[in-house]
Amino acid sequence: MLITNAPKGTKDVLPSESYKWQYIEEKIRQICDLYNCNEVRVPTFEHTELFLRGVGDNTDIVNKEMYTFLDKAERSITLKPEGTAGVARCFVENSIFNNPMPIKMYYLNSPVFRYEQPQSGRYREHHQFGVEMFGSDEPTIDAEVISVAMDVFKKLGVGNLELNINSIGCSECRPKYNAALLEYIGSSIDKMCTSCQERYEKNPLRILDCKVPTCKEVVKNAPTTIEHLCEDCSEHFERLQKNLDSMGIAYKVNPQIVRGLDYYTKTVFEIITNSIGAQGTVCGGGRYNNLIEEIGGKPMPAAGFGMGMERLLMVMENDNVEIPEPKAVDLYIAATEDDAIIKSMEIARKLRAEGIKVEAPHMKKSLKAQMKYANKLNCRYVLMLWDEDIKNGEVLVKDMDENGEEKKIKIDEIVKEINI
RNA sequence: GUGGGUAUAGCUCAGUUGGUUAGAGCGCCAGGUUGUGGCCCUGGAGGCCGUGGGUUCGAAUCCCACUAUUCACCCCA
């Protein structure tokens with residue numbers, strides 16, 4: 001029983017639906033190429049330490065959701081719980097900073113693992129498309145990152161999305177903001193939830209994120225990060241908005257967006273839909289100027305996002321986006337006699353070499369059954385091979401349209417005779 | 001980790017107030033004379049009624065536990 005059940009929170013992509021993924025992948029690659037953004041492929045697992053340092057050891061993701069284990073040499077290994085840390089590691093390890101900056105890269109269909117309770121739009125293994133751009137602190141990069149995501153949605157025909165942006169400041173203004181927030185909360189902390197009391201000590205910013213009604217009430221009119229940005233961060237955020245305005249990208253400034261990963265600085269954003277249930281964030285990202293240094297590289301500004309492929313597909317299906325189905329079989333070869341069956345494999349191979357999509361007889365069925373099968377394949381032509389005709393180098397070809405016209409042709413001239 | 005829903009054939013689901021060999025549609029397989037598809041007709045295969053206990057003369061049906069699944073909280077893509 002257990003062995004024929006996929007592990008909790010995982011999902012098969014069946015041969016009958018993989019074309020949808022391939023379609024999305026193709027469009028994403030086209031968009032990325034236009035941005036001079038090249039694919040990077042990094043491991044599915046990394047040293048646990050990378051995520052502790054990179055993502056942050058007081059985040060939920062690191063605290064309670066990681067798939068961590070010891071390998072046979074007692075190294076602590078973790079299956080990627082997000083995409084950015086691995087790419088950042090790759091950037092440092094391979095000295096990619098020696099390239100002309102900025103350098104842009106993307107990953108596609110990268111598996112991501114989190115031990116969570118599955119629900120609609122949430123899996124224990126899901127797949128992300130993500131973009132990371134290193135080397136520039138200019139807000140044009142933030143805008144460019146967002147622009148890639150918006151272009152992908154546009155290219156795939158997805159509407160009904162809302163871009164939310166915010167700025168959470170840098171190592172200069174964040175501490176000042178934290179102090180202001182703590183002062184505002186004051187003694188009210190006593191009536192807040194236990195996790196907020198923990199956040200109060202370790203990461204006050206995330207109190208804003210809490211969904212517990214009493215906590216929400218306390219911070220309802222709390223000061224926002226935007227109000228406390230230093231001059232540099234403030235200007236950065238303003239210029240980002242000017243960029244988005246001029247690019248025609250609609251957005252909403254939402255001071256509630258703070259994100260659950262510690263590495264973000266300045267810009268954070270989420271692209272949200274309300275059409276796929278409670279888990280409506282299809283894309284999330286921002287700037288992470290301290291991450292590279294945090295994991296041991298030279299200080300390096302960077303920005304990026306992650307996009308959930310499963311959720312993207314859900315949104316597309318909800319929006320009834322038409323995804324072109326794969327091409328049907330061009331030609332089926334029907335044969336019942338032993339010699340003809342052998343000949344069918346020879347012919348199939350030759351036709352495939354000509355670029356024709358061919359299915360050969362593998363099931364030893366009656367001709368009638370084979371014709372039914374060919375019909376279900378929705379194929380254009382059927383070749384009927386008979387021992388007697390083979391002797392003359394001939395074969396009967398049938399057009400499977402409503403007329404069902406048949407004619408006898410030379411085996412050597414099949415490609416010429418059919419219209420594919 | 002916490003709540004609610006669901007669990008009958010490959011799929012979508014029926015199954016009356018507990019009562020004989022558990023059903024339908026779709027799909028699959030085979031036929032409907034003289035090697036030929038679509039529509040139609042006939043037949044067939046395929047279910048330990050999620051698992052384990054309990055109540056009862058008798059359980060798919062009632063009760064309990066477990067498991068799976070699903071939705072939601074939390075968090076995030």
Open item on the list: Please determine whether any donor N or O and acceptor N or O are separated by less than 3.5 Å between the side chain of A/R122 and the base of B/C75.
Closed with: yes
Open item on the list: Among A/D389, A/V395, A/T336, A/L367, which residue satisfies the side-chain contact (heavy atoms from CB on, under 4.5 Å) criterion with A/M384?
Closed with: A/L367
Task: Annotated protein contacts, base or backbone, on nucleotides 31-37 of chain B with a non-hydrogen cut-off under 4.0 Å, one of B, S, - each - done: BB--BBB
Mind listing the side-chain donor-acceptor pairs of residues 40-53 of chain A below 3.5 Å, one per line with the distance, residues two or more places apart or on another chain?
residue	atom	partner	partner atom	Å
A/R41	NE	A/E39	OE2	3.0
A/R41	NH2	A/E39	OE1	3.3
A/E46	OE1	A/R89	NH1	3.0
A/E46	OE2	A/R89	NH1	2.5
A/T48	OG1	A/S76	O	3.2
A/T48	OG1	A/S76	OG	2.7
A/T48	OG1	A/I77	N	3.4
A/T48	OG1	A/T78	OG1	2.7
A/R53	NH2	A/E294	O	2.9

- [ ] Check RNA chain B for consecutive Watson-Crick or G-U pairs with both distances under 3.5 Å and list the runs of at least three as stems.
- [x] B:1-7 with B:67-73, B:10-13 with B:23-26, B:28-32 with B:40-44, B:50-54 with B:62-66
Task: Side-chain N,O (A/Q117) to OP1/OP2 (B/U2) below 4.0 Å - done: no
Open item on the list: Take a 6.0 Å sphere around CG of A/N160 and say whether it holds more than 12 heavy atoms from other residues, nucleotides or ligands.
Closed with: no
TODO: Would you classify A/A278 as touching base, sugar-phosphate or nothing, given that sugar-phosphate means primed atoms plus P, OP1 and OP2, and contacts are heavy atoms under 4.0 Å?
DONE: sugar-phosphate
TODO: Tell me whether the OP1 or OP2 atom of B/C71 has a side-chain N or O from A/S120 closer than 4.0 Å.
DONE: yes
TODO: Indicate whether OP1 or OP2 belonging to B/A77 is found under 4.0 Å from a side-chain N or O atom of A/Q128.
DONE: no
- [ ] Using a cut-off of strictly less than 4.0 Å, decide whether A/K365 has a side-chain nitrogen or oxygen near OP1 or OP2 of B/C29.
- [x] yes
- [ ] Determine: side-chain N/O of A/R259 to OP1/OP2 of B/A77, distance under 4.0 Å, yes or no.
- [x] yes
Task: Flag side-chain contact, heavy atom, 4.5 Å: A/I24 against A/R29 - done: no
